[in-house]
Amino acid sequence: MSLNKVLLIGNVGKDPDVRYFDNGQAVANFPLATSERGYTLANGTVIPERTDWHNIVVRRDQVAFVEKWVRKGSSLYVEGKIRTRSYDDPNGMKRYVTEIHADRVEFYNTGARPVDAGTNTAAAQPASMPQAGGASTQAYAQSASPQQPILASEGAPEDDLPF
């Protein structure tokens, strides 16, 4: 038995490049950056932050989602398969390219509050925005966004905590 599955959470490096073919098929390509934080070992050795770039290839029904909603800087969750292909460059040298062929692409929400804390994240996103590979984005945003605090003026129960 074998398994070829890749899970990535990262940021889009540039706007997707979408190409349409004569047979009606489409393909979208974009780079995705994933980073590992830097740290210092107990002996004082500093390990710097490391960023890896991945070539993402999206086909079929996911292309419409990527073309309409994904932009440079978007934070994405990508599931797919890793594939390597080769080609001969103009100088006759054999070149290899490693790509992630995405089966699922979704926006990734860290749960951080928006800049304007009074804005409801679910209401700020269009209700018609599709979730490529799952439920609607509005439902996703409601489940992933942090709860707004209940203020005492809104009828929250009094407590006797000193803070």
> Is D103 close to R60 at the side-chain level, that is, under 4.5 Å between some pair of heavy atoms?
yes
> Mind listing the closest non-hydrogen atom pair of A28 and V66 along with its distance?
CB-CG1, 4.0 Å
> Do Y77 and L8 have side chains that get closer than 4.5 Å, going by heavy atoms?
no
> Can a donor-acceptor pair be found, under 3.5 Å and without considering hydrogens, that links the side chain of Q62 to the backbone of V105?
yes
> If you round to the nearest 0.5 Å, how far is CZ of R95 from CG of D89?
4.5 Å
> Taking all non-hydrogen atoms of both residues, which atom of E36 and which atom of E49 are closest, and how far apart?
O-CG, 3.1 Å
> Testing the basics here: between A102 and V78, what is the closest heavy-atom pair and its distance to 0.1 Å?
CB-CG1, 3.8 Å
> Any idea which heavy atoms bring T34 and G10 closest together, and the distance?
CG2-CA, 4.3 Å
> With clusters defined by side-chain heavy atoms of hydrophobic residues (ILVMFWY) lying less than 4.5 Å apart, directly or transitively, does I9 cluster with L7?
yes
> The test is side-chain contact (heavy atoms from CB on, under 4.5 Å); show your working for T51 and W53 and say whether it passes.
CA-CA 7 Å; T51 301; W53 288 91; 3.9 Å; yes
> Inspect the surroundings of CG in D22 and state if more than 12 heavy atoms from other residues, nucleotides or ligands are less than 6.0 Å away.
no
> Between D15 (side chain only) and R71 (backbone N and O only), is there a donor and an acceptor less than 3.5 Å apart?
no
> Check V58 against F30 and note the closest heavy-atom contact, atom names and distance.
CG2-CE2, 3.9 Å
> If Ile, Leu, Val, Met, Phe, Trp and Tyr residues are connected whenever their side-chain heavy atoms lie under 4.5 Å apart, and connections chain through other members, are V97 and V6 in the same group?
no
> For residues I56 and H54, determine if any side-chain heavy atom of one lies less than 4.5 Å from a side-chain heavy atom of the other.
yes
> Can you tell me if OH on Y39 sees more than 12 non-hydrogen neighbours from other groups inside 6.0 Å?
no
> Whether the side chain of N91 engages the backbone of M93 through a donor-acceptor N/O pair (distance < 3.5 Å, no angle test) should be reported.
no
> Can any side-chain N or O of E79 pair as donor or acceptor with the backbone N or O of K5 at less than 3.5 Å?
no
> Let's go through H101 and R59 carefully: what are the C-alpha distance in whole Å and the side-chain angles of both, what is the deciding distance for side-chain contact (heavy atoms from CB on, under 4.5 Å) to 0.1 Å, and is it a yes or a no?
CA-CA 8 Å; H101 285 249; R59 298 182 187 278; 4.1 Å; yes
> Any chance you could measure L3, atom CG, to K81, atom NZ, to the nearest 0.5 Å?
9.0 Å
> How long is the span from the CG atom in D17 to the CG atom in N29, to the nearest 0.5 Å?
6.0 Å
> If you measure from CD1 on I82 to CD on E99, what distance do you get to the nearest 0.5 Å?
10.0 Å
> Going by heavy atoms in the side chains, are L32 and I100 under 4.5 Å from each other?
no
> Is any side-chain heavy atom of E67 closer than 4.5 Å to one of P16?
no
> For residues F65 and V18: do they belong to one hydrophobic cluster (side chain heavy atoms under 4.5 Å, members Ile, Leu, Val, Met, Phe, Trp, Tyr)?
yes
